[in-house]
Number of protein chains: 2
Amino acid sequence: MAKSAISPTRAENYPEWYQQVVKAADLAETSDVRGCMVIKPWGYAIWENIQRRLDAMFKATGHENAYFPLFIPMSFLEKEAEHVEGFAKECAVVTHHRLEPDPETGGLRPAPSAKLEEPLIVRPTSETIIGATFARWVQSYRDLPILINQWANVVRWELRTRMFLRTTEFLWQEGHTVHATREEAEEETRRMLDVYAEFAEGAMAMPVIRGEKTAGERFPGAVATYSIEAMMQDRKALQAGTSHFLGQNFAKAQDIKFQNQSGELEHAWTTSWGVSTRLVGGLIMSHSDDDGLVVPPKLAPAHAVILPIYKSDDERAEVLAYCDSLKDELSAQTYDGEAVRVRLDDRDLRGGDKKWQWVKRGVPLRIEVGPRDVASGGAFVGRRTASFDGGDGKGQGTPRGELVSGVADTLGSIQKSLFDRAESARDAATTVVDSLADFEAFFADDAPGGLAYAHFTDGPEMEKKCKELKVTPRCVPIEPLAGDDGPGECLFTGKPSPRRAVFARAY
Amino acid sequence: MAKSAISPTRAENYPEWYQQVVKAADLAETSDVRGCMVIKPWGYAIWENIQRRLDAMFKATGHENAYFPLFIPMSFLEKEAEHVEGFAKECAVVTHHRLEPDPETGGLRPAPSAKLEEPLIVRPTSETIIGATFARWVQSYRDLPILINQWANVVRWELRTRMFLRTTEFLWQEGHTVHATREEAEEETRRMLDVYAEFAEGAMAMPVIRGEKTAGERFPGAVATYSIEAMMQDRKALQAGTSHFLGQNFAKAQDIKFQNQSGELEHAWTTSWGVSTRLVGGLIMSHSDDDGLVVPPKLAPAHAVILPIYKSDDERAEVLAYCDSLKDELSAQTYDGEAVRVRLDDRDLRGGDKKWQWVKRGVPLRIEVGPRDVASGGAFVGRRTASFDGGDGKGQGTPRGELVSGVADTLGSIQKSLFDRAESARDAATTVVDSLADFEAFFADDAPGGLAYAHFTDGPEMEKKCKELKVTPRCVPIEPLAGDDGPGECLFTGKPSPRRAVFARAY
């Protein structure tokens with residue numbers, strides 16, 4: 001592996017490396033519509049695996065799925081003042097409901113006679129339309145809590161887009177819940193943050209910091225926003241999921257009221273929380289290398305690919321029969337509660353090209369079978385992660401029985417080593433900073449950067465300095481860094497500060 | 001059950017009965033956006049079950065999921081002439097990408113400075129945008145076939161809407177495939193028609209007729225459209241799924257070309273096929289009765305609900321413990337390859353109200369457990385379909401062991417009896433018609449109507465008469481009606497006719 005499959009490498013040009021991995025792994029491509037992407041089958045299969053696991057976690061915590069309209073009447077966005085500021089800006093506006101032949105161009109045009117009385121917005125997020133629905137559903141404390149999730153597409157008219165990380169249309173889930181008390185709503189907000197953290201670390205092998213956003217980074221209209229923050233290989237942070245405690249703000253704007261046990265009318269307390277196809281971007285940037293995508297086994301569309309190798313027709317028949325039965329045996333194994341996913345690639349392609357396709361697509365195990373393996377009852381097993389998890393990068397011969405019976409353990413150890421590696425990388429790029437000079441040095445243009453834990457006061461001094469350094473406070477971590485020494489002094493103002501925030505450059 | 005739970009009854013006012021079933025079963029409601037519905041958790045759970053089963057069938061026939069943009073550039077719709085006619089008319093047109101404060105009203109308005117150069121259409125179907133993508137994917141015969149499916153929302157600006165049956169936004173899947181030869185594409189078109197028929201009959205317990213559409217009913221731009229047609233309880237037909245052989249029409253409009261094995265460039269052959277949330281409407285109208293929804297077990301969000309009955313706290317503890325363990329035992333059973341889905345409803349509600357909620361929601365089995373059942377080791381089992389499948393409508397005492405070990409068989413027999421009943425109803429409303437007078441009498445305003453198999457010639461005479469009678473040719477069935485006598489004479493023109501079409505009023 002003298003030369004890497006992806007050019008440029010991470011070290012040469014990280015943003016361009018990312019685009020090339022997306023392309024080489026056949027995950028997605030830009031479409032004919034500005035800022036929208038086509039998610040190709042391999043990329044969509046990763047999203048389906050993310051969906052299936054998260055959906056089970058949502059249901060296990062009492063949520064049900066429902067579906068709400070794609071469109072939001074413009075007047076709905078006017079109701080919650082901060083929400084208008086945040087979301088009414090760059091969005092797709094539907095103004096007509098018909099096309100007609102254009103007498104001037106010979107093509108089509110929006111029919112002037114079919115102009116909508118009130119424009120409709122393609123949902124950038126659904127608090128307003130779902131809140132209006134909840135106002136009808138909630139009458140009494142007996143109707144609460146309402147615990148709803150929606151899998152949907154949303155549109156935010158982004159000026160600078162990057163596949164998976166920031167696209168005009170993206171896929172996501174948005175949870176929306178209504179509660180009788182502040183305490184219950186706050187508990188829900190934190191519960192779903194924990195679900196996201198468990199998913200990110202357990203399934204994506206992506207270590208995250210759970211914390212509360214500072215005021216300037218809050219969801220428009222929220223009382224408190226929590227997020228999980230991951231660190232990518234270029235030491236930039238990625239906000240991977242958010243959970244919002246909305247207080248009574250949306251309930252008041254949308255008149256979500258209930259009769260309590262004493263018969264009095266009260267405004268309800270609401271939350272919302274979401275993760276999106278951005279997670280696929282986080283997955284790519286957490287684990288992939290200069291040979292392409294690396295997918296953690298729990299989310300891999302295929303756990304293993306079997307590559308038959310033969311020359312003659314006789315060899316072909318023998319090798320393929322062996323591969324077929326090996327595939328059946330492997331597929332009968334289970335890993336993490338699911339059947340092991342195995343593909344057999346018998347396409348008529350040069351062996352080297354074929355192998356590299358699967359390397360670039362990040363399949364955890366490549367199993368090569370030639371006539372000699374058939375004779376010896378084994379296979380040549382290559383781990384995608386061999387370069388750092390103990391293999392030699394060239395695979396090794398394994399007896400068939402051992403391969404089959406050990407496949408779940410092998411996948412489990414790959415999953416674990418991916419998490420461990422990402423965690424080590426993050427920890428190595430994490431520091432505690434106690435002076436403004438150190439803060440500036442850490443984020444100097446020629447410094448590697450990373451995550452800086454620093455005491456702060458939420459206010460204009462912090463914001464100004466952060467803007468200057470192109471840094472943001474990612475969150476105020478719920479769990480302090482090991483060995484952290486409690487309260488201190490704000491770097492930016494010198495005022496007393498009870499807790500540190502973690503700062504980073506971010507996607 | 002002297003009085004029915006749903007008012008009006010089917011006999012009194014079928015369309016209104018339908019709306020009331022949707023409401024009483026908590027399936028969906030109208031939203032604040034004209035023509036768009038909110039799919040509530042119970043309705044969405046049915047859709048999820050539909051999705052999961054269909055998705056597995058698509059994957060088993062070699063298809064992969066992907067995702068394409070929500071928006072279609074207006075110019076794309078201009079490319080395929082018939083397609084323009086069919087789909088460029090009533091659709092949602094995005095003309096602006098930003099809102100701004102409106103100085104006149106104090107509210108918001110589409111920002112004049114953010115007018116799009118080319119309007120975007122919210123996809124009414126995706127042949128054009130997917131075709132443009134396929135044109136990039138296809139270079140050589142080695143790239144074929146391409147077998148893709150997309151789960152998505154689509155928008156068609158409908159003037160008259162009805163929940164699930166016809167809504168402005170709806171959820172669906174659209175399959176899109178590309179092939180090297182006409183034969184392969186035709187085979188795919190028929191294969192997916194068969195998948196739909198198998199799903200409708202096997203999972204939905206809804207008998208269907210598979211057939212080819214007449215010219216006037218074809219998908220705009222298709223060479224041939226096939227459909228599955230079901231008959232609802234009011235004897236009207238419902239088109240429940242369509243599969244289109246697109247020939248080279250879209251490939252030519254979108255330049256999908258490949259190099260064949262001889263090195264020559266050829267246009268490819270494409271297909272598309274889809275079913276939508278309309279299936280939920282078909283399910284409702286196939287099986288439900290004057291007490292509300294009836295869901296076939298294979299698609300029921302819950303197979304059984306356990307209703308504990310008690311008076312004192314002591315009874316409560318005893319009954320609930322029994323119900324909990326009964327739930328566990330039932331959930332450990334499998335029906336049709338899936339774990340039996342059981343809910344325990346311990347809400348503090350009057351027993352009668354609670355029971356009727358589950359009747360109206362169509363749960364196949366209600367299991368009532370009181371102190372006497374605990375003492376005798378049994379339960380009182382009510383089948384939702386008792387009124388026609390042999391029960392007495394009041395349930396019966398069943399020993400616990402028998403209930404648990406027999407639950408899959410019970411569900412299977414309910415599934416079968418629903419299909420049998422629907423098939424009998426359809427067959428009873430099906431006739432062969434051999435004269436125009438009989439045709440007119442069959443579809444007279446005061447006649448019950450139904451499905452009429454009649455010889456025809458595709459042309460203006462047929463169309464005129466059908467319009468007059470508010471009837472449409474649903475399809476030319478692939479399988480002739482049993483005992484059908486081969487070629488005959490067109491009812492409308494007297495010309496020779498090789499095959500019959502089936503005619504009906506339709507949704």
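A note on names: the letters A, B, ... follow the listed sequences, proteins ahead of strands, and every chain is numbered from 1.
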**Request:** For each of A:Ile121, A:Leu116, A:Val93, tally heavy-atom pairs with chain B at distances under 4.5 Å, and name the one with the top tally.
**Result:** A:Val93
**Request:** Against chain B, label A:Asp102 side chain, backbone, both or neither, depending on which of its atoms sit under 4.5 Å from a heavy atom there.
**Result:** neither
**Request:** Would you give the length of the straight line joining atom CE of A:Met74 to atom CG of B:Leu108, rounded to the nearest 0.5 angstrom?
**Result:** 5.5 Å
**Item:** Contacting region of A:Arg109 [heavy-atom separation from chain B under 4.5 Å]
**Value:** backbone
**Prompt:** So what's closer than 4.5 Å to chain A heavy atoms on B:Arg347: side chain, backbone, both or neither?
**Reply:** neither
**Asked** Which atoms of B:Asp55 come close to chain A, meaning under 4.5 Å heavy atom to heavy atom: side chain ones, backbone ones, both, or neither?
**Response** side chain
**Request:** Given side-chain contact (heavy atoms from CB on, under 4.5 Å), test B:Val33 with A:Ile129 step by step and report yes or no.
**Result:** CA-CA 9 Å; B:Val33 182; A:Ile129 186 89; 3.8 Å; yes
**Request:** Would you mind checking which part of A:Ile130 comes under 4.5 Å of any heavy atom in chain B, side chain (CB onward), backbone (N, CA, C, O), both or neither?
**Result:** neither
**Message:** With a 4.5 Å cut-off on side-chain heavy atoms, are B:Val155 and A:Val94 touching?
**Reply:** no
**Request:** Could you look at B:Lys59 and say if it's the side chain, the backbone, both or neither that has a heavy atom under 4.5 Å from chain A?
**Result:** side chain
**Complete:** Of B:Thr167, B:Ile39, B:Asp32, B:Val38, the one forming a side chain to side chain contact (heavy atoms under 4.5 Å, CB included) with A:Pro69 is B:Val38
**Request:** Starting at CG of B:Asn65, measure out to NZ of A:Lys40 and round the result to the nearest 0.5 Å.
**Result:** 15.5 Å
**Asked** What part of B:Asn153 is in contact with chain A, defined as an atom under 4.5 angstrom from a non-hydrogen atom: side chain, backbone, both or neither?
**Response** side chain
**Message:** How close do B:Thr95 and A:His96 get, counting heavy atoms only, and between which atoms?
**Reply:** CG2-ND1, 4.0 Å
**Message:** Need one label for B:Trp137: side chain, backbone, both or neither, based on atoms under 4.5 Å from any heavy atom in chain A.
**Reply:** side chain
**Request:** Output the distance between atom OG (A:Ser31) and atom CZ (B:Phe68), rounded to the nearest 0.5 Å.
**Result:** 10.0 Å
**Fill in**
Heaviest contributor of heavy-atom pairs below 4.5 Å to chain A, chosen from B:Leu120, B:Asp348, B:Leu171, B:Asn149, is B:Leu171
**Message:** Distance check, rounded to the nearest 0.5 Å: A:Trp157 atom CH2 versus B:Leu99 atom CG?
**Reply:** 12.5 Å
**Message:** Which one wins on heavy-atom pair count under 4.5 Å against chain B: A:Cys36, A:Pro119, A:Gly43, A:Ala92?
**Reply:** A:Ala92
**Message:** Distance check, rounded to the nearest 0.5 Å: A:Gln150 atom CD versus B:Tyr44 atom OH?
**Reply:** 7.5 Å
**Asked** Is chain A contacted by the side chain of B:Thr277, its backbone, both, or neither, given a heavy-atom distance below 4.5 Å?
**Response** neither
**Item:** B:Glu48 versus chain A, the contacting section by heavy-atom distance below 4.5 Å
**Value:** side chain
**Asked** Could B:Glu29 and A:Arg136 be called an ion pair, given the rule that one side-chain N must be under 4.0 Å from one carboxylate O?
**Response** yes
**Prompt:** Side chain, backbone, both or neither: which part of B:Pro41 has an atom under 4.5 Å from a heavy atom of chain A?
**Reply:** both
**Prompt:** Does the A:Glu90 side chain pair with the main chain of B:Arg98, one donor and one acceptor, at a distance under 3.5 Å?
**Reply:** no
**Message:** Within this structure, what is the CH2-CH2 distance for the pair A:Trp151 and B:Trp151, rounded to the nearest 0.5 Å?
**Reply:** 15.5 Å
